[in-house]
Amino acid sequence: MNNTINFYKNISKSNLPLTELLKNENLFSTVPPNWSIVVTDIENSTTAVSRGLHNDVNRTATGSIITVLNTLKSLNNSVKIPYFFGGDGSTFIMPNSVLEPVLEALNQYSRHIKNSLQLQLRVGHLEVEKVYSKDVSLKITKLRHNEFLTTPVIIGNGLKYAEQVIKENFVPTFNESNKYIQPNLEGMQCRWDEIYPNKNDKKVVCLLVDCDDEKDQANVYGIIMREIDFIFGNLEKRNPISTIKLKLNTSLENIRKEMKIKIGKYQITYVISNWLMTLFGTFYFKFFKAGRLYKYRVTQLSDTIMLDGFLNTVISGTEEQVTRLKMLLDDLEAKNKIIYGIHITHASIMSCYIEDKEKKHIHFVDGTEGGYTSAAIMFKEKLKNVKV
């Protein structure tokens, strides 16, 4: 079974539109049973968001992804894993052979976040073979959105089941008596200001949809995605991130917040050097061809759609377009096909992992005023009513 370590790396990228990809289950591969699902989750994230700490919540979730990716790089192997950003947490699927060092790094990161931001990041895992023992499926493929961005696509309830089990059985993620090791957050940058849609009449929409029927999941999500394409246009047209609205936040306060999560302490050299670099960046992106090209790549490398058993997406659109989409969603919900949560706000926020400034950078997109977390609140309220 050791030859499965490159399972995800060896999956071919599909160039099909997502709506077509979902029609063909043969393009999906079953995740090996000797892999595991790892989940990070910020405890009481809803309360933190209500206290105005959404950026801290968002950056903490991003930091957990950066911690894992940097840990894998440090192991000097070429293993590639799928991961999913959830606004207030993250999910990974990985071979068991790398599980121990990854969990150790995440536990240290959790301790770092508790000390620096007073947030409790919980960490847990579940073996994929235990998911299969409950007759739950977990299939995956890769979707190439454009020249720069490829993301994993999941069908089946495997991640949802694992997340539920993990969250019900969370244990403290670190022992205070253990030696503290500074987490490796190299590449974390959160310098972009709130990003407004490219037209004044547009809003930013964070959508979370759950189709619980594994057999109907691909079909239902395909129907919703076709309607989104029809109403809002293709991925590029509905992208809430546009080059014209991308502006750096040059405030010292923003640099201090980044510093707090990245190194956990105040360092005057960090503040000054990064502030000067950000000031230069405003000229670089405006007057240099390479800077303008980088901004374009940011729009292409912005992760705005995710299928991990749920359908999650951030889009921009007018009030009329959103109303048309909600008509379809309400109809599917009335037929007990789905449960959905939606959050409509004025702008997007973005956190980033910059491995290099050419093509290896990824930008995690969420909405302001809670984003995905606020959409999840609506979703969970509906779910409670269904279970009553």
Side-chain angles (χ1 to χ4, degrees), residues 18 42 45-58 61 84-89 192-211 220-221 223-242 244-247 299 302-308 310-334 337-351 363-385:
L18 178 57
I42 298 168
S45 58
T46 303
T47 303
V49 167
S50 70
R51 288 167 46 215
L53 300 176
H54 183 235
N55 280 337
D56 285 350
V57 168
N58 204 266
F84 304 88
F85 170 76
D88 62 351
W192 299 108
D193 209 346
E194 288 186 355
I195 305 153
Y196 288 81
N198 57 7
K199 292 186 179 176
N200 292 336
D201 62 341
K202 285 186 176 182
K203 296 286 189 181
V204 172
V205 182
C206 300
L207 178 65
L208 165 66
V209 183
D210 179 28
C211 173
V220 169
Y221 291 157
I223 289 170
I224 295 169
M225 287 312 305
R226 277 193 294 277
E227 190 73 0
I228 288 174
D229 285 343
F230 179 71
I231 295 172
F232 297 89
N234 62 23
L235 193 63
E236 191 160 342
K237 287 182 179 175
R238 64 178 185 263
N239 191 346
I241 311 301
S242 62
I244 196 170
K245 294 294 185 178
L246 270 176
K247 290 182 175 60
T299 68
S302 296
D303 191 2
T304 60
I305 183 165
M306 180 175 71
L307 269 85
D308 60 352
F310 292 95
L311 167 60
N312 309 264
T313 188
V314 184
I315 57 182
S316 68
T318 64
E319 191 173 325
E320 180 190 351
Q321 288 173 319
V322 175
T323 300
R324 288 167 64 191
L325 173 62
K326 286 170 75 173
M327 287 174 65
L328 170 72
L329 297 172
D330 288 339
D331 181 58
L332 290 171
E333 199 168 61
K337 295 278 188 183
I338 65 165
I339 298 175
Y340 79 92
I342 194 168
H343 174 68
I344 302 167
T345 186
H346 63 279
S348 306
I349 57 172
M350 196 158 59
S351 50
H363 306 269
F364 303 103
V365 180
D366 203 353
T368 54
E369 301 171 319
Y372 279 134
T373 303
S374 294
I377 293 170
M378 176 181 178
F379 169 80
K380 289 171 185 174
E381 283 299 315
K382 289 180 176 181
L383 194 62
K384 277 195 285 188
N385 293 333

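Excluded from the calculations below are hydrogen atoms, water molecules and symmetry mates; all remaining heavy atoms, backbone and side chain alike, are included.
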* Is the Tyr196 to His346 ring centre distance short of 6.0 Å? -> yes

* Could you state the interatomic distance from OG1 (Thr313) to CZ (Arg238), rounded to the nearest 0.5 Å? -> 6.0 Å

* Note, Thr373 side chain near Thr46 side chain (heavy atom, < 4.5 Å) -> yes

* Which pair of non-hydrogen atoms, one from Met306 and one from Phe85, has the smallest distance, and what is that distance? -> CE-O, 3.1 Å

* Ala61 and Gly89: which non-hydrogen atoms are nearest, and at how many Å? -> CB-N, 3.5 Å

* Heavy-atom pair of closest approach, residues Cys206 and Gly371 -> SG-CA, 3.7 Å

* To do: Flag this pair as yes if the NZ/CZ of Lys237 is under 6.0 angstrom from the six-membered ring centre of Phe232 and inside a 45 degree cone about the axis; otherwise no.
  => no

* To do: Determine whether Asn312 and Ile305 make a side-chain contact, defined as any pair of heavy atoms from C-beta on separated by less than 4.5 Å.
  => no

* Locate the shortest heavy-atom distance separating Tyr372 from Asp366; write the atom from each residue and the value. => N-OD1, 2.8 Å

* Between Asp331 and Lys337, is the closest basic N to carboxylate O distance under 4.0 Å? -> no

* For the atom pair NE2 (His363) and CD1 (Ile349), what is the distance rounded to the nearest 0.5 Å? -> 14.5 Å

* Structure fact -> Minimal heavy-atom distance between Ala48 and Val57, with the atoms involved, is CB-CG2, 3.8 Å

* To do: Answer yes if the side chains of Ser351 and Asn58 hold a donor-acceptor pair under 3.5 Å, and no otherwise.
  => yes

* From CA spacing to verdict: side-chain contact (heavy atoms from CB on, under 4.5 Å), Arg226, Ile224 -> CA-CA 5 Å; Arg226 277 193 294 277; Ile224 295 169; over 6 Å; no

* Side-chain heavy-atom pair Ser348, Ile241 within 4.5 angstrom cut-off -> yes

* Does a side-chain heavy-atom distance below 4.5 Å link Val205 with Ile342? -> yes

* Nearest-0.5 Å distance, NZ of residue Lys203 to CD1 of residue Ile344 -> 9.0 Å

* Run the salt-bridge test on Arg324 and Glu227 with the 4.0 Å N-O cut-off and return the result as yes or no. => no

* When rounded to the nearest 0.5 angstrom, what distance separates NZ in Lys326 from CG in Leu207? -> 10.5 Å

* Criterion side-chain contact (heavy atoms from CB on, under 4.5 Å) on Val209 and Ile339, from CA distance to verdict -> CA-CA 6 Å; Val209 183; Ile339 298 175; over 6 Å; no

* Roughly how far, to the nearest 0.5 Å, is CE of Met350 from CG of Asp303? -> 11.5 Å

* To do: Please report the shortest heavy-atom distance between Val204 and Gly367, naming the atom on each side.
  => CG1-CA, 4.4 Å

* Is there a side-chain contact between His343 and Glu369, using heavy atoms and a 4.5 Å cut-off? -> yes

* Going by distance alone, is a donor N or O of one side chain under 3.5 Å from an acceptor N or O of the other, for Thr368 and Glu194? -> no

* Calculate, to the nearest 0.5 Å, the distance between atoms CG and CG belonging to Leu246 and Asn198 respectively. => 11.0 Å

* To do: Give a yes or no on whether the backbone of Tyr340 and the side-chain of Lys382 come within a donor-acceptor separation of less than 3.5 Å.
  => yes

* Are side-chain heavy atoms of Glu319 and Val322 found at a separation under 4.5 Å? -> no

